[in-house]
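I have placed the structure first, in the form of structure tokens, so that the comments after it can refer back to it.
First listed ligand is number 1; within each ligand, the first listed atom is number 1. Predicted model only: the values in this text are computed from it and were never measured. Every heavy atom of this structure was used, including side-chain atoms; hydrogens, water molecules and symmetry mates were not.
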Amino acid sequence: MQTDLRGRDLIGDLDFTKEEVETVLEVAWDLKRKRALGEPHAYLRDKVLAMLFFFSSTRTRGSFEAGIAQLGGHGAFIESRTTQISHGDTEKEMGEIFGRYFDGIAIRHVTWGTGNRYLNLVAEASRVPVLNMQCDIYHPFQCLADLMTIMEKKGRDLRRKKIVVSWAYAASYLKPISVPQSLILQMPRFGMDVVLAHPPEFKLMPEIMEQAQEQARKYGTGFEVVDSMEEGFKDADVVYAKSWGPLLTTNDPDEGKRIQDKYQSWITDAQKMALAKEDAIYMHPLPADRNIEVTDGVMDGPNSVVFDEAENRLHAQKAVMALTMR
Ligand code: CP
């Protein structure tokens, strides 16, 4: 167990070593147990977390705000449009000033080509931890909750378990690529064989692919890319199918939508789930386009773990806050 996470940022999934992630999981399960038993766990009494949002949220806002309160602290919800950021407050100002007011700065900024840079610049100027509530490249807290959920359902030893991270069609908007990128980086470290399935226009960032392959080599796991949802689902233990935009192919939203609309058959339904193992779990970070991205039958069916997955956001985030903001 690693005990030296105080003051650390969590921006990219590999910022914490495997052992440090294991520590986070241990603490998360302890906090989950304490909450279930109603045992006090106010490890961050009088600490305040800034929660700066450049993009909407249901789960991330709710779980960070509830989590810091349950740890005895307070979360300040700040929407970027209500600040002076558009009138000149730079990343340096935000890091320097919020770093003096708060004990941690959590930021969601998913704008393509901008978000991750913003977080890193704030972190450079901040004296307190910067926590990534999702940027254009990574969604590390979602991924920690996903890993926790997979271990709860499939056991702590995930060697030779197959996860398919699949693109799925959505009609609502071009979603960030951060969730699949985080998954392919983190899961090989815990022994999972990763299959990434997507149509050709929905590639992930080349540098992330290289890092994911490097992790797979280091931990001796499989890493494969296929262009068929059906092929990806075959014999999977974990089906993680969600939409993301063709951001590496085009920056034009109209062109992106035209490309996306070619692949409306990429829906997770009972027929495709039948290709996976019988006890395969279905995962999605939510929100999902119901009956477009995934059928109600799968989402609300016996293999779905989406609500446990959403709950684990709370416990995983509390663990990281308790370890980094002490
Ligand atoms: N999964 C997730 O990050 O949900 P929100 O966008 O609602 O925060």
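- Remark: the Q2 side chain and the E19 side chain contain an N/O donor-acceptor pair separated by less than 3.5 Å.
- For the atom pair L10 CG and Y138 OH, the distance stands at 10.5 Å (nearest 0.5 Å).
- Between the side chains of Q181 and S178, no donor N or O sits under 3.5 Å from an acceptor N or O.
- Side-chain contact annotation: D308 with N312, donor-acceptor N/O pair under 3.5 Å absent.
- The protein residues lying under 4.0 angstrom from ligand 1, judged by non-hydrogen atoms, are S57, T58, R59, T60, R108, H139, Q142, P285, L286, R313.
- None of E311, H315, K318, Q317 except one satisfies the side chain to side chain donor-acceptor pair (under 3.5 Å) rule with S63; the exception is Q317.
- Side chain to side chain, T60 and R313 meet the donor-acceptor criterion of an N or O pair below 3.5 Å.
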